[in-house]
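Down below is the structure, laid out as structure tokens.
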Amino acid sequence: MLGKKFKQGAFPMEKVVVRQLVRDTKRYINKEVEVNGWVRSNRDQKSFGFVSLNDGTHFNTVQVVYEKDSLANFDEVAKFRVGSAVSIQGKLVETPQAKQAFELKATRIILLGDSSEDYPIQPKRHSKEFLREVAHLRPRTNLFSAVFRVRSLLAYAIHKFFQEKGFVYVHTPIITANDAEGAGEMFRVTTLDPKEPPLNEDRNVDFSEDFFGRRTNLTVSGQLEVEAFALAFRDVYTFGPTFRAENSNTARHAAEFWMIEPEIAFADLKDNMNLAEDMVKYIISYILNNAAEEMEFFNKFVDKGLKDRLNNIVNSEFAHITYTEAIGILEESGEKFEYAVKWGNDLQTEHERYLTEKVFKKPVFVKDYPKDIKAFYMRVNDDKKTVAAMDLLVPGVGEIIGGSQREERADILEQRMAALDINQEELRWYLDLRKFGGVKHAGFGLGFERAIMYITGVSNIRDVVPFPRTVNSCEY
RNA sequence: UCCUCGGUAGCUCAAUGGUGGAGCAACCGGCUGUUAACCGGUAGGUUGCUGGUUCGAGUCCAGCCCGGGGAGCCA
């Protein structure tokens, strides 16, 4: 439909979107076009005025000039409020001396949808906290227009990266019967009546009466399932929603978020880290090259060092250290940490930030963590004390990727599950993968929103999710 | 869940325990090139809720609700 010619009176007029005008300006200069969009601002004077028009197809607005002499409904147009939807016909002209490269000299302006006096989005700075309360309107602001366009491009870049490498995209289930996925509290999925659930002989809720005939939850990770596909397709990835019912109240946690989980067979931890580094560099490059206006905006108004930092990452090798080396660096740093640095304890946020922001000043992989602080499926190293796990820490956001080589030796995996009191019957299928052609394999999870935060500089996860779900908050 | 800071006009913020204000937005008017336009005017308030102290509470105290920042858990 867009770009198609249609009859307007006796003259054909091309209906265009702002993206076309920006990308292909020369083609439209001195031509009559029609643009539909929403008014960002309207500044009228005695005999002329300016509308900043945004149609959502590009970060930029188009300046529309309207004059009393050439517009029959000048007086009405002068009163069009911010947020109104309008249709504008006019001639595109170059404006070399002005702030913008071109503008639209209107010949006809029609109000398509009025915006009432109490429209909350004003042509001024708003706090992000306020805009969260009007999540249905905030995509019309510069910041959120840029964030959500980058979100879309980033999803595409991730698919592009994996598809170009021949990875198979796997839709792992959203509803799962595993409650041993090992990543925190889960949301129950049920059709039972909460007021009068069926009870069994022990007067507990009888889940055999439930929809699936058993207890089910929303997934906290597609990893276990995607391992099955890695052992059939070799290189695979998931990219979908994930749900955690943790009572986490931070700028980096949401109850519903998206995660990318590649899994590669015939591959070890080193291959896994190489893949993660390639992917991070690829998606950053893609956004820098395909969202220039948005990145310029973030660099100017959100984080002044953003572009330099991202360019630096694309062009530098990520640092690699072992957990044990990390502990050594922290112990010798002389820094006063709130939490004690001790081999066997997990690294705290303050430790991670010190490593990535102060010591290396770039992304750093930390690998070979003590097995007692990591999940059952991670491969036990030869030292029997550590597992082949890795976290990628980045300045500003902290942990963005967590991954591991998986334990492919059935006997050791069973020992680990027994030690951690994990029900082997429920995960029989997972153990089967080791029994029938099991090979070394590895994978990681990338928090999609954390990647967006890292690339845009936006520091709260609630501002990179269209309609965020967090503890005690599920509006819209 | 814990620590911490905050809640005053639609928004962003002022106001020593003593008559609640400003800028922006809205509305009315002015202005021949604005782009966070500018200039003049008008309107706009149960100071988050409940209770307490006081002659008097936006201000002090208690409880609750909501939000920010930090921590834990993690992606």
Side-chain angles (χ1 to χ4, degrees), chain A residues 40-53 60-69 78-79 81-83 93 95 97-100 103 105 115-134 137 141-142 181-185 220-223 241-261 301 337-339 345-353 373-375 391-394 397-403 444-454 459-465 470-473 475:
Chain A
R40 283 281 182 86
S41 71
N42 186 7
R43 303 175 292 276
D44 76 290
Q45 298 190 35
K46 192 174 189 178
S47 59
F48 60 91
F50 304 91
V51 163
S52 289
L53 188 78
N60 292 356
T61 56
V62 168
Q63 171 157 286
V64 177
V65 196
Y66 56 94
E67 293 176 341
K68 197 158 196 166
D69 293 343
K79 297 206 180 303
R81 280 181 291 262
V82 175
V93 297
T95 51
Q97 291 95 329
K99 204 168 159 183
Q100 72 286 349
E103 64 188 20
K105 280 208 179 298
S115 176
S116 65
E117 285 175 20
D118 54 352
Y119 184 60
I121 311 289
Q122 305 153 12
K124 59 164 273 188
R125 230 184 81 84
H126 292 284
S127 68
K128 291 195 284 295
E129 293 78 19
F130 168 69
L131 291 168
R132 272 173 219 155
E133 292 170 12
V134 286
L137 299 173
T141 64
N142 280 333
E181 283 175 352
E185 294 296 309
V220 292
S221 164
Q223 182 205 311
T242 308
F243 307 88
R244 306 247 171 116
E246 291 290 340
N247 189 8
S248 304
N249 225 313
T250 80
R252 299 181 301 282
H253 289 85
E256 176 182 320
F257 64 99
W258 284 55
M259 194 153 61
I260 296 100
E261 296 178 289
F301 293 109
F337 294 111
E338 196 183 330
Y339 290 85
N345 290 354
D346 209 352
L347 296 178
Q348 301 295 315
T349 298
E350 57 175 344
H351 305 144
E352 295 180 343
R353 292 187 61 145
I373 59 172
K374 288 293 180 181
D391 284 353
L392 178 65
L393 313 177
V394 297
V397 175
E399 184 183 338
I400 198 170
I401 282 174
F444 63 83
L446 167 73
F448 183 52
E449 282 76 10
R450 289 190 183 174
I452 302 170
M453 292 165 72
Y454 186 49
S459 59
N460 195 310
I461 196 167
R462 296 170 184 91
D463 298 326
V464 300
V465 179
T470 53
V471 184
N472 261 315
S473 174
E475 295 289 314

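First the proteins, then the strands, lettered A, B, ... as listed; each starts at 1.
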Pick out the pairs of N or O atoms, protein on one side and nucleotides 28-31 of chain B on the other, that lie under 3.5 Å.
residue: B/rC31; atom: OP1; partner: A/K46; partner atom: NZ; Å: 2.8
residue: B/rC31; atom: N4; partner: A/D44; partner atom: O; Å: 3.3

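Here A/Y454 pairs with nothing under the ring pair (Phe, Tyr, Trp, His ring centres under 6.0 Å) rule; sequence neighbours left out. Every residue meeting the side chain to side chain contact (heavy atoms under 4.5 Å, CB included) condition with A/S473, not counting sequence neighbours, appears here in chain and number order: A/T470. Every residue was checked against the salt bridge (Lys or Arg N to Asp or Glu O under 4.0 Å) condition with A/E261, not counting sequence neighbours, and none meets it. In this view, A/D44 satisfies the salt bridge (Lys or Arg N to Asp or Glu O under 4.0 Å) rule with no residue, not counting sequence neighbours. Every residue meeting the side chain to side chain contact (heavy atoms under 4.5 Å, CB included) condition with A/N345, not counting sequence neighbours, appears here in chain and number order: A/K342. Partners of A/R353 according to the salt bridge (Lys or Arg N to Asp or Glu O under 4.0 Å) rule, which considers only residues two or more places apart in sequence or in another chain, are A/E357. Annotation: side chain to side chain contact (heavy atoms under 4.5 Å, CB included) contacts of A/S115 (sequence neighbours excluded): A/S84, A/Y119. The side chain to side chain contact (heavy atoms under 4.5 Å, CB included) test applied to A/E103 returns A/Q63, A/V65, A/V93, A/T95, A/Q100, A/K105, not counting sequence neighbours. Residues passing the salt bridge (Lys or Arg N to Asp or Glu O under 4.0 Å) test with A/R132, sequence neighbours excluded: A/D463.
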Intra- and inter-strand pairs of RNA chain B in dot-bracket (Watson-Crick or G-U wobble, both distances under 3.5 Å; | for another strand): (((((((..((((....[..)))).(((((.......))))).....(((((..]....))))))))))))....
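For the OP1/OP2 pair of B/rA36 and a distance below 4.0 Å, the side-chain nitrogens and oxygens of A/K99 include at least one atom meeting the criterion. Put simply, A/R81 has a side-chain N or O that comes within less than 4.0 Å of OP1 or OP2 on B/rC27.
Between B/rU19 and B/rA57, the distance separating the two P atoms is 12 Å to the nearest Å. As rounded to the nearest Å, B/rU12 and B/rG7 have C1' atoms that lie 14 Å from one another.
With hydrogens and angles ignored, a donor-acceptor pair closer than 3.5 Å exists between the side chain of A/H253 and the base of B/rC74. Taking 3.5 Å as the limit, the base of B/rG10 and the side chain of A/Q122 contain a donor-acceptor pair of atoms between them.
Residue contacts shown for A/Q63 include a base, since a base heavy atom lies under 4.0 Å away. Across all strands, A/A451 comes closer than 4.0 Å to no nucleic acid atom at all (heavy-atom distances). Base engagement by A/E103 is indicated by at least one non-hydrogen atom pair under 4.0 Å involving a base atom. Looking at heavy-atom distances under 4.0 Å, A/F130 makes contact with sugar-phosphate atoms alone, never a base.
In terms of position along RNA chain B, the nucleotide closest to A/F48 lies nearer the 5' end than the nucleotide closest to the other residue of the pair A/F48 and A/E352.
With distances taken from any side-chain atom of A/Q100 to the nucleotides B/rC74, B/rU12, B/rG33, the minimum falls on B/rG33.
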Sequence-aligned protein contact record of nucleotides 65-71 of chain B, with B where the base is within under 4.0 Å of a protein heavy atom and S where only the sugar-phosphate is: ---SSBB
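Scanning all heavy atoms of the two residues, the minimum distance from A/E350 to A/Y339 falls at OE2-N, 2.7 Å.
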